[in-house]
Amino acid sequence: MEYGHDVALDELCPVCGDKVSGYHYGLLTCESCKGFFKRTVQNNKKYICAENQECTIDITQRKRCPFCRFQKCLHVGMQLEAVRADRMRGGRNKFGPMYKQDRALKQQRKALVQAMGLRTDRSPPLGYSDLTLHSSPLPPAKNDPISYQPPSLCSLSLSSNSPAAPQYQCAVFSNWTRKSEHSSNCSPGSATTVSSDPGPFSPHGPRMPELVMEFVRCDPDELQLQSKISACLLREQPANPSTFSLLCLMADHTLLSIVEWARTSIFFKQLKVNDQMKLLHSCWSELLLLDFISRQVLFGREGHLLLVTGQEMELSDVASHAGLSVASLVQRGQELVEKLHFLKVDRQEFACIKFLVLFNPDVKQLEDHQFIESVQEQVEGALLEYTLCTSPYLLGRFAHLLLCFSELRSLSALAEDYLSCKHLSGEVPCNNLLTEMLHAKRSCA
DNA sequence: TTAGCCTTGACA
DNA sequence: TGTCAAGGCTAA
C-alpha cells in the first residue's frame with residue numbers, strides 16, 4: 001500500500017490514548033479498545049457506572065469503568081454495525097473506502113506539514129495540523145459583488161427527515177456593497193469592498209486605534225471566503241445531502257477558515273502551539289457563532305439567514321421546520337442580531353470582539369497566561385477607545401457590547417450541546433474538524 | 001475480563 | 001499475492 005503505515009499508526013487511540021494498531025470499527029483505535037468494543041457488542045453486554053457516568057478513560061484507568069469506556073467508544077465514533085452479526089471472519093466491510101480516504105488525507109496532511117517546514121511533533125487527534133492544509137493563498141477576490149454569483153448549491157434536494165428543512169434560495173447580493181460600505185470605514189489593506197465615506201476616522205477626525213486597524217487587516221475577506229467555501233462544498237458534498245449535513249459541512253469549512261484566521265493573526269501567532277490549541281478548543285463554537293451573527297448584522301436581510309456561501313434561508317421556513325431546540329436557538333440568535341444591529345456594531349468592532357473571544361485568559365493550564373491576559377486587556381482598551389471615538393455620546397455602548405458578548409457565550413454553549421447530541425445520535429458527519437473540536441472540548445472539560 | 005497475538009478472507 | 005480489518009484464541 002502506498003500510504004505509509006506510520007502516518008495512521010502515529011496517532012493515539014481516541015478512547016484511551018494507547019498506541020493505535022489500525023482501523024477498527026470505523027476509526028483508528030488501539031488493540032485493547034478494539035477487543036473491548038467487539039466483546040461488548042457481540043455479547044450484548046450491559047454495564048453500570050458506579051460513579052456519575054463521567055469517569056476518565058485513559059490508558060491506566062480504562063479497565064475501571066466499562067460503562068464509561070463503552071460510552072466513550074460510541075462518542076468518538078466507533079460503529080456498532082461494523083461488528084458482524086454472523087461473526088464471519090476476514091474480508092472487508094463497507095468502511096473500507098472510508099479508511100482509505102482517511103489514510104490518504106492523513107498522508108496528504110503530513111506531506112504538507114513537512115513541505116511547509118512546520119512542526120510535526122505529535123498533535124492530538126484533533127486536526128490541528130489542518131491549519132497547514134488550508135494555508136494556500138486565497139483565490140482572487142471577486143471585485144464585482146453584484147454580478148458575482150456564488151457557485152449554486154440550490155439544486156440540492158432537502159431531506160424531509162432533516163430536523164430543520166428550510167428551503168434554499170439563491171441570494172443575489174444586491175445589498176452586499178451597500179452594507180459593506182455602511183460598515184467599512186476603515187482599514188488600509190482590507191480587501192473588503194470599502195466605502196468612499198471615511199466615517200469618523202477621516203484625515204481630519206480622530207485616528208482609528210492602530211490595534212483595531214490591525215485586527216481588521218487580519219479579518220478574512222467575506223467574498224473570498226464565500227467563494228472558497230462554496231467551491232469546497234461543491235467538491236465535497238455527498239450525493240443526497242440532508243440540510244443538516246450540508247450545514248455541518250459549511251460549519252466545518254467556516255471553522256477551518258477561523259482556525260486559519262487565528263493562526264495568521266497578530267498575537268496568536270506568537271503563542272506556543274499548545275496554548276494556541278487550548279484557546280481554539282475553548283472558543284471554537286463562540287467564534288463560529290460570532291462569524292454567523294456578524295454576517296447577519298453586516299450583510300443580512302431582515303427575515304432571512306445569510307449563509308457563508310451567500311445563500312439565504314427564510315427565517316419563517318427555519319422556524320416552521322426546526323425542532324424546539326433549534327427554533328429556540330435561532331430565536332435567541334435573532335434577538336442577539338437585533339441588539340447588535342440596534343447598537344450599529346460595525347466590522348471593526350466585530351474584529352475586536354473576535355480577538356476578545358479568542359484571547360480568553362480563563363482557559364485552564366495556559367503556558368503563557370500572562371501574555372494572553374495582557375492581549376485581552378489591550379483588545380478591550382482598543383475596543384473601548386474605538387467605541388468612544390465612533391459614539392462619544394453613547395457612553396453605555398461599550399457595556400452593551402460586552403453584554404452581547406456574554407450572550408454570545410451562553411448561546412454558543414447551547415449550540416454546542418445541541419451539536420453534541422446530534423453527534424451522539426450519529427447525525428453529524430464524522431472525520432471533520434467540527435467533530436474533532438467537539439471531542440477536544442469534551443475531553444478537556 | 002483484558003489485551004496481545006493469530007487466523008481468516010475480500011479486495012486491490 | 002499482499003494488505004488489513006474482521007473474529008478467535010488464550011495467558012495473565
Side-chain angles (χ1 to χ4, degrees), chain A residues 1-111 113-114 120 122-127 129 235-236 238-239 423-432 435-436 439 442-443:
Chain A
M1 187 71 67
E2 209 172 302
Y3 320 115
H5 215 148
D6 56 323
V7 178
L9 300 186
D10 199 31
E11 291 190 12
L12 301 178
C13 174
V15 181
C16 68
D18 200 353
K19 191 174 176 297
V20 152
S21 68
Y23 286 91
H24 306 295
Y25 309 111
L27 69 158
L28 285 167
T29 71
C30 67
E31 197 61 27
S32 69
C33 288
K34 165 200 154 187
F36 170 77
F37 189 77
K38 178 183 71 176
R39 286 193 303 274
T40 304
V41 179
Q42 279 183 340
N43 304 325
N44 195 22
K45 286 178 181 296
K46 304 284 178 231
Y47 308 115
I48 294 171
C49 177
E51 302 289 326
N52 54 357
Q53 306 189 349
E54 291 175 350
C55 305
T56 305
I57 304 297
D58 59 28
I59 192 166
T60 57
Q61 301 179 76
R62 64 190 177 195
K63 290 188 205 169
R64 281 194 188 170
C65 179
F67 177 90
C68 291
R69 189 182 188 182
F70 188 59
Q71 289 305 307
K72 195 166 178 192
C73 285
L74 294 173
H75 183 76
V76 300
M78 292 184 83
Q79 304 290 324
L80 293 167
E81 62 264 35
V83 180
R84 295 171 186 165
D86 58 5
R87 299 202 165 196
M88 195 193 78
R89 299 173 77 179
R92 289 277 188 273
N93 62 17
K94 64 175 180 177
F95 296 102
M98 197 180 87
Y99 297 149
K100 192 178 169 187
Q101 191 185 19
D102 192 58
R103 267 212 185 82
L105 271 171
K106 285 182 201 304
Q107 179 75 15
Q108 189 186 23
R109 224 177 259 186
K110 190 180 178 187
V113 170
Q114 283 174 344
T120 54
R122 190 183 293 261
S123 55
L126 165 87
S129 48
R235 210 170 44 238
E236 293 174 19
H423 179 48
L424 283 176
S425 62
E427 291 172 71
V428 177
C430 287
N431 296 322
N432 58 23
T435 47
E436 285 175 359
H439 292 162
R442 289 294 180 270
S443 55

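Hydrogens, waters and symmetry mates are skipped; everything else that's a heavy atom, side chains included, is used. Here is how names work: the chains are called A, B, and so on, in the same order as the sequence lines, proteins then strands, and each is numbered from 1.
To the nearest 0.5 Å, atom SG of residue A:Cys65 and atom CD of residue A:Glu54 are 11.0 Å apart. To the nearest 0.5 angstrom, A:Arg62 atom CZ is 14.5 Å from A:Thr56 atom OG1. Distance CZ/A:Arg39 to CZ/A:Phe70: 12.0 Å, rounded to 0.5 Å. The distance from atom CD1 of A:Ile57 to atom NZ of A:Lys63, rounded to the nearest 0.5 Å, is 13.0 Å. Atom CD of A:Gln61 sits about 11.0 Å away from atom SG of A:Cys68, to the nearest 0.5 Å.
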Point to revise | Worked verdict on A:Leu80 versus A:Phe37 for side-chain contact (heavy atoms from CB on, under 4.5 Å) | key: CA-CA 8 Å; A:Leu80 293 167; A:Phe37 189 77; 3.9 Å; yes
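Of the residues in residues 58-65 of chain A, those with a non-hydrogen atom less than 4.0 angstrom from any atom of DNA chain B are A:Arg62, A:Lys63. Near DNA chain B, meaning a heavy atom under 4.0 Å away, the residues from residues 37-47 of chain A are A:Arg39, A:Lys45.
Rounded to a whole Å, the CE atom of A:Met78 is 11 Å from the P atom of C:dG7. Computed from coordinates, the A:Ile57 CD1 to B:dA3 P distance equals 11 Å when rounded to whole Å. Rounded to whole Å, the distance from CG on A:Asp18 to P on B:dT2 is 15 Å. Taking atom CD1 of A:Ile48 as the reference point, atom P of B:dT1 lies 14 Å away to the nearest angstrom. Put simply, CZ on A:Arg84 is 10 Å from P on C:dG8, counting in whole angstrom units.
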Practice item. Would you give a per-nucleotide map of nucleotides 5-12 of chain B, 5' to 3', where B means the base has a protein non-hydrogen atom under 4.0 Å away, S means only the sugar-phosphate does, and - means neither? Key: B-BBBBS-
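Between A:Arg87 and C:dG8 there is a side-chain N or O to OP1 or OP2 distance below 4.0 Å. Regarding contacts with the backbone of C:dA6, every side-chain N or O of A:Tyr23 stays at 4.0 angstrom or more from both OP1 and OP2.
Looking at A:Asn43, its side chain never comes within 3.5 Å of a backbone N or O of A:Lys45 through a donor-acceptor pair.
Under a cut-off of 6.0 angstrom, the local environment of CD in A:Glu51 is sparse, with at most 12 non-hydrogen atoms contributed by other residues, nucleotides or ligands. Heavy atoms of other residues, nucleotides or ligands lying less than 6.0 angstrom from CZ of A:Arg64 number 12 at most.
Relative to the ring axis of A:Phe36, A:Arg69 places its NZ or CZ within 45° and under 6.0 Å from the centre.
Here B:dT2 is the nucleotide among C:dG8, C:dA6, B:dT2 with the atom lying nearest to any side-chain atom of A:Phe36.
Inter-residue side-chain proximity for A:Pro66 and A:Thr40 is flagged as unmet; no heavy-atom pair is nearer than 4.5 Å.
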